[in-house]
Amino acid sequence: MAAHDKVRAKKSLGQHFLHDEGIARKITEGLQLSKEAIHVLEIGPGMGVLTKYLIQNPLIDLKVIEIDRDSVAYLKKHYPALDNRIHEGDFLDIDLYTVFEGKFSIIGNFPYNISSQIFFRVLEQRNRVDQVVCMLQKEVADRIAAKHGNKTYGILSVLLQTFYNIESLMKVPPGVFTPPPKVMSAVIRLVRNERSHLPCDEKLFVTVVKTGFNQRRKTLRNALKNLTLSSDVVALPVLDKRAEQLSVEDFIQLTQVIEKSRAGQHGV
Ligand code: SAH
């Protein structure tokens, strides 16, 4: 391919093109395949460095979504086989049922500026999204995979770990991208766990997690003040802790207790 025909990287779209073929192939091998083809959506294929390995695998039924018109034109020209598999648009906006009707997995070297928003979409669709294999800023990858008791453990760690098992696959230095990002990158894999639904009110669970971490330095007793907890809940020893000290299970149990006390108050 002629150099002049390459896509010029746009900062606003978080474009850093990977040029190390060995790493690209390894990332695509991070997807766990089965005997029958799995549906896979690649987010932000750019010039197709991952796409070319994915599309040649008969065990992968691939679709891609790319927001950048220049990249879409490049992909159509260089990978004719992709033609009716390209969605030009914004992953954060697209109706994912128009891409796949049933379950699917996600892969991509994510645009780092929107990686958290991508994960909130994954959470919305968690009963359809079996796996996510992605490259992102190492700091964000570490945060997502962090266990309780760790300073970087936060809202996304709890919510994602509630429904996914998370593994780090590799670290990736800036020099293998054009242009190089300012930060280290990492590849992680999320695989849907067995938890089909929460044994507590899910909205309340999310509220407790978010509210707890909003003032993460405070004890939960203080951080959760706005939730107007009943006095028996306020007295619980677990409220002496800070949000970052609670495991997923602890958050579920706390939500159950709050839920019960509220039901009691309303005479249910
Ligand atoms: N996969 C390529 C490009 C990674 S850069 C590679 O590894 O080289 C991130 C890619 O995501 C870019 O191609 C960018 O255009 C695309 N992108 C950015 N925001 C997007 C969005 N909201 N929806 C879909 N694609 C997006």
Side-chain angles (χ1 to χ4, degrees), residues 1 3 5-31 39-57 60 62-79 81-82 85-100 104-125 129 131-141 169-189:
M1 69 188 96
D5 138 74
K6 288 192 175 171
V7 176
R8 196 138 55 89
K10 299 173 192 74
K11 219 178 180 177
S12 61
L13 295 178
Q15 290 181 338
H16 296 277
F17 297 113
L18 178 66
H19 56 66
D20 184 311
E21 293 294 332
I23 294 177
R25 193 170 37 77
K26 252 189 161 162
I27 294 171
T28 64
E29 287 169 0
L31 278 174
H39 305 294
V40 175
L41 176 62
E42 183 186 358
I43 301 176
M47 287 187 281
V49 67
L50 303 181
T51 323
K52 62 171 169 294
Y53 297 104
L54 297 167
I55 199 165
Q56 70 193 23
N57 191 329
I60 293 176
L62 183 71
K63 302 261 174 83
V64 307
I65 177 153
E66 173 56 67
I67 202 170
D68 175 36
R69 191 179 285 179
D70 296 342
S71 294
V72 170
Y74 182 98
L75 291 166
K76 286 189 171 162
K77 182 171 169 195
H78 292 266
Y79 307 100
L82 254 188
R85 299 175 174 272
I86 303 179
H87 289 256
E88 182 174 340
D90 184 342
F91 172 77
L92 300 178
D93 280 347
I94 193 173
D95 174 2
L96 288 166
Y97 283 93
T98 64
V99 183
F100 289 120
F104 62 100
S105 292
I106 288 177
I107 192 165
N109 292 343
F110 285 177
Y112 295 176
N113 49 339
I114 59 164
S115 49
S116 297
Q117 292 167 73
I118 292 175
F119 285 118
F120 280 110
R121 272 223 99 178
V122 167
L123 281 167
E124 268 168 40
Q125 299 272 321
V129 178
Q131 279 179 77
V132 181
V133 172
C134 61
M135 172 125 68
L136 62 172
Q137 193 174 331
K138 181 169 181 297
E139 195 193 311
V140 178
L169 300 184
M170 65 181 127
K171 277 196 270 184
V172 181
V176 298
F177 299 91
T178 313
K182 291 202 175 72
V183 292
M184 279 293 286
S185 301
V187 180
I188 57 173
R189 175 169 57 210

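Counting convention: from 1, in listed order, for ligands and their atoms alike.
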Trainee: Report the part of Met135 (side chain from C-beta onward, or backbone N, CA, C, O) that has a heavy atom under 4.0 Å from ligand 1; answer both or neither where that applies.
Mentor: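 Looking at Met135 and ligand 1, no heavy atom falls under 4.0 Å.
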Trainee: Are more than 12 heavy atoms from other residues, nucleotides or ligands located less than 6.0 Å from atom NZ of Lys171?
Mentor: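 Atom NZ in Lys171 is not packed in, count stays at 12 or less.
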Trainee: Under 4.0 Å from a heavy atom of Phe17: give me the atoms of ligand 1 that qualify, with their elements.
Mentor: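 Here the atoms of ligand 1 in question are 3 (C), 8 (O).
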Trainee: Please report the closest heavy-atom contact between Phe104 and Gln125, naming both atoms and the distance.
Mentor: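 For Phe104 versus Gln125, the nearest heavy atoms are CE2-OE1, 4.4 Å.
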Trainee: I'd like to check whether Asn109 has a polar contact with ligand 1, where a contact means an N/O of the residue lying under 3.5 Å from an N/O of the ligand.
Mentor: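 Yes; the residue has a nitrogen or oxygen that sits under 3.5 Å from a nitrogen or oxygen of the ligand.
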Trainee: Heavy-atom contacts under 4.0 Å between Val49 and ligand 1: side chain, backbone, both, or neither?
Mentor: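 It is the side chain that gets close, since no backbone atom is under 4.0 Å.
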Trainee: Please indicate whether Lys63 has more than 12 foreign heavy atoms, meaning atoms of other residues, nucleotides or ligands, lying under 6.0 Å from its NZ.
Mentor: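 For Lys63, atom NZ is crowded (more than 12 foreign heavy atoms under 6.0 Å).
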Trainee: For Val64, does its backbone N or O pair with a side-chain atom of Glu42 as donor and acceptor, under 3.5 Å?
Mentor: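 No; judged by distance alone, with no hydrogens or angles, the pair does not exist.
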Trainee: Is the Phe100 ring parallel, tilted or perpendicular to the His39 ring (thresholds 30°, 60°)?
Mentor: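 Geometry flag for His39 against Phe100: tilted rings.
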Trainee: Please confirm whether Gly108 approaches ligand 1 to less than 4.0 Å, judged on its heavy atoms.
Mentor: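 No heavy atom of Gly108 comes that close to ligand 1.
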Trainee: Can you give me the closest heavy-atom contact between Phe110 and Ile118, atom names plus distance?
Mentor: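 Reported closest heavy-atom pair: CE1-CG2, 3.7 Å.
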Trainee: Against heavy atoms of Asp68, which atoms of ligand 1 measure under 4.0 Å?
Mentor: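 Selected atoms, number and element: 15 (O).
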Trainee: Determine, using heavy atoms of Leu50 and all atoms of ligand 1, whether some pair is separated by less than 4.0 Å.
Mentor: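 No, Leu50 has no heavy atoms under 4.0 Å from ligand 1.
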Trainee: How many angstroms lie between CG in Leu75 and CD1 in Ile55, if you round to the nearest 0.5 Å?
Mentor: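 Output value for this atom pair is 9.5 Å.
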Trainee: Measuring from atom 17 (N) of ligand 1, which candidate in Leu75, Ile118, Ile67 has the nearest non-hydrogen atom?
Mentor: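 It is Ile67 whose heavy atom sits nearest to atom 17 (N) of ligand 1.
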Trainee: Touching ligand 1 at all, Leu92? Heavy atoms, strictly under 4.0 Å?
Mentor: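 Leu92 does not count as a contact of ligand 1 under the 4.0 Å cut-off.
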Trainee: Would one find an N or O of Phe110, backbone or side chain, under 3.5 Å from an N or O of ligand 1?
Mentor: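 Checking ligand 1 against Phe110, no N or O pair falls under 3.5 Å apart.
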Trainee: Going by the order shown, which atoms of ligand 1 are within less than 4.0 Å of some heavy atom of Gln15?
Mentor: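 In order of number, 5 (S), 12 (C), 13 (O), 14 (C), 15 (O).
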Trainee: Heavy atoms only, cut-off 4.0 Å: how does Thr51 contact ligand 1, side chain, backbone, both, or neither?
Mentor: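 Neither part.
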